[in-house]
Protein chains: 2
Amino acid sequence: MTTVTIKDVAREAGVSVASVSRALNGTGGVTAETEKRIREVAARLRYVPHGAARSLITRRTHTIGALLPDMYGEFFSELIRGIDLAARTRGLHLLVSSAHDGMDDAAAALRTMRGRVDGLIVLSPRADASFLHANLPESLPTVLLNSPLRGRRYSVLNIDNPGGARAMVRHLAVERGLRDIAFIAGPPDNFDAQQREEGYRHAMAEFAPGAPLRVLRGEFTEDSGYRAGAELLASGKLPRAVFAANDMMAIGCLLALREGGVDVPGEVAVTGFDDIPIARYVTPALTTVRVRIVDLGRSALERLAALLDAPDQTATTQADTLGCDIVVRDSCGARPHARTFTNKAR
Amino acid sequence: MTTVTIKDVAREAGVSVASVSRALNGTGGVTAETEKRIREVAARLRYVPHGAARSLITRRTHTIGALLPDMYGEFFSELIRGIDLAARTRGLHLLVSSAHDGMDDAAAALRTMRGRVDGLIVLSPRADASFLHANLPESLPTVLLNSPLRGRRYSVLNIDNPGGARAMVRHLAVERGLRDIAFIAGPPDNFDAQQREEGYRHAMAEFAPGAPLRVLRGEFTEDSGYRAGAELLASGKLPRAVFAANDMMAIGCLLALREGGVDVPGEVAVTGFDDIPIARYVTPALTTVRVRIVDLGRSALERLAALLDAPDQTATTQADTLGCDIVVRDSCGARPHARTFTNKAR
DNA sequence: AGCCGCGATGAAAACGTTTACGTTGCGCCC
DNA sequence: GGGCGCAACGTAAACGTTTTCATCGCGGCT
């Protein structure tokens, strides 16, 4: 009545468990006729092999684990989508584990993965090298995403944050001629945020030498972007452009400026970073640095799969960077916008 | 050098594997002193128990599987977020399996879940009762989401589609006084779509008797909503309001109307269903039926967890419905909007 | 006719745990 | 002082597979 095991099938088909295993797995060694009989019995009994038992002996789970800091925001859902997409075509399953505020929390999650996954994709933007070294099993193939870590031990895949930031500043400063560019930075301990801010600083020196540098603190949240916008308003001295370290902050800033009666992009251009899906729907549509998030997830999984197939292939273990370009929409004034937009409502 | 097992710990600590198991699991039967020694050895060797082996004997994986039709759109990512949130607080892991176009694809996914999960959350808006009956293991606790299925075999959790549709039509027809309401329907084989369309029809009869019924076909995608909007424009006879069966179609329609130079909500009100995060960011902000998607995922997991704790508890196996209310923003004209908005660009 | 080889099959070990059961040793009571 | 109970610990079975190894026929070759 409960679950039917391989023994039941064997008994019913009048063969040994070994033959059932061979027949169902397509390993050779059984007559076509007995294989057929076994298959019929298995289908009739609705037999489905027990994953854990199989993994135990096979040492393969066909599952990869994804460890994410949390699950809020479109960046993460897009990333998961990319990973899942690629996993599916490879016949892999996806065990997600998100929202790890504390280190010990993440450590616990990491532990429970042992024996349940063949490999790991870890998004750890915080620079916690020692943590990973301490908690990642040596034997588990791992791909690190957006991590400051280097080295032959893991395979790391990063976004081209400096390049993206540079391209955006270049666009604003030289193509649009806006030299007075403020920057809304992300959390200081976040690796992407660090790289983007540094990219901004370098690019400003390159494309707008002598222009004032203005950096506001943010937390990658819409709310912190809103506060940064409010801060700009309150300062009484608006920049000609605001470059936010991610899209959600750009949107928050946009809302704040809009409420303050500022014409975007007429008076102030606003741009972001990531190109999350929402970016194209806000008004004015957000000019931003396009990170192909889905592709990021996809290639992370591809790399991991390659690692699984050839475990000691150090070739794929090298660090790599995913390029990103800028996508120009309305919020930077590249296209003439019909009218000044002021909406005090909401 | 490879993985360290419980035997290694036992040998190193000078005890038997049984004692190691007892010490590490906190089952009684070991001196405080030996437990301490064992714990130290385990920590030093970086021992972490093998999940599959443990599950095999324990018959518990502490993992639940989520079977989703696909992973596109914010609805699904929000749902997963809700499930994950609740799973984390219960110490459960999440095995996601998405994008099942064909039945056999889904069946395969279902099979591989055996022995890897303790329970299942299945989102199957298509009315495929026989499929589930055929492929769901009898013994696996299962929560069905947005499913037409009833019965004591599974626990099902639905959105109050009729109520939501009714509330929206009521708002448009009686509170806003717009009786000429067109409807953009979803895929015909989708259960939610069916219920929402029926809800629209009933509510129209109730709140706008005699008013013309106008139903356009859609596919739940932004693109199909756009086409529906274009169709309305081409017809030369615009309704006073458009009620789309989901937000993405509403947004597509919004864009089409905007491009056609139609004032929304001045000439035509546009409303949606779901309240996905994007809804509040479009201009005008979308009035919609709020489905607390995160809560939906959360309660699905809560139900499943209850099922796991008390397997033969038929009390929680009953069908249940999650209420939804409408959230009024700008796209239905409830608030006076500053100016007519026409933007031919893009 | 006797052997050899090979293809099909079965028996049993192995994977890494948990747990029921048996075995100690010790202190206690009568 | 001998038996009894109990706590601490070890032994081994069990979970459901896969896989190695041995066994068994059987046909073809010399």
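Letters A, B, ... are given to chains in the order of the sequence lines, protein chains preceding strands, and every chain is numbered from 1.
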Inset, instruction - State whether a side-chain donor-acceptor pair under 3.5 Å links A/T61 with A/D118. - result: yes
Inset, instruction - Respond yes when some side-chain nitrogen or oxygen of A/S19 is under 4.0 Å from OP1 or OP2 of C/dG10, and no when none is. - result: yes
Legend entry - Earlier contact from the 5' end, DNA chain D, for B/G29 and B/T58: B/G29
Legend entry - Phosphate OP1/OP2 of C/dG16 contacted by A/R59 side-chain N/O (<4.0 Å): yes
Legend entry - A/S21 vs D/dT18: side-chain N/O to OP1/OP2 distance below 4.0 Å: yes
Legend entry - Most 5' of A/I57 and B/R37 on DNA chain D, judged by nearest nucleotide: B/R37
Inset, instruction - Could you check A/G14 against B/I6 and say which one's nearest nucleotide on DNA chain C is further toward the 5' end? - result: A/G14
Inset, instruction - Give, for atom CG of A/D84 and atom CD1 of B/I80, the distance between the pair rounded to the nearest 0.5 Å. - result: 7.5 Å
Legend entry - side-chain N/O B/R114 vs D/dT17 OP1/OP2, d < 4.0 Å: yes
Legend entry - Ion pair check, B/R90 and B/E302, cut-off under 4.0 Å: yes
Inset, instruction - Mark yes or no for a side-chain to base donor-acceptor pair under 3.5 Å between B/R22 and D/dG10, with no hydrogen or angle criteria applied. - result: yes
Legend entry - D/dT18 OP1/OP2 closer than 4.0 Å to side-chain N/O of A/R54: yes
Inset, instruction - Please determine if a side-chain N or O atom of A/T34 lies less than 4.0 Å away from the OP1 or OP2 oxygen of C/dT9. - result: yes
Inset, instruction - Any chance you could measure B/I6, atom CD1, to B/H50, atom NE2, to the nearest 0.5 Å? - result: 13.0 Å
Legend entry - Nearest-neighbour nucleotide for the B/S16 side chain, D/dT11, D/dA14, C/dA12 considered: D/dT11
Inset, instruction - May I ask you to evaluate whether A/S55 reaches the phosphate of C/dC15, defined as a side-chain N or O under 4.0 Å from OP1 or OP2? - result: no
Legend entry - Length of the NZ-P vector between A/K7 and D/dT18, whole Å: 14 Å
Inset, instruction - Could you pick out which residue, A/A32 or A/V17, lies toward the 5' side of DNA chain C when each is mapped onto its nearest nucleotide? - result: A/A32
Legend entry - Per B/A18 side chain, nearest of listed nucleotides C/dT17, D/dG16, C/dT19: C/dT19
Legend entry - Protein-nucleotide distance (A/R116, atom CZ; C/dC15, atom C1'), rounded to Å: 16 Å
Legend entry - Rounded distance in Å - CG (B/D8) to P (C/dG16): 9 Å
Legend entry - Length of the CD-C1' vector between A/E35 and C/dA8, whole Å: 13 Å
Inset, instruction - Evaluate the side chain to side chain contact (heavy atoms under 4.5 Å, CB included) criterion for residues A/V291 and A/L322: first the C-alpha distance (whole Å), next the side-chain angles of each, then the deciding distance (0.1 Å), finally the verdict. - result: CA-CA 8 Å; A/V291 176; A/L322 206 74; 5.5 Å; no
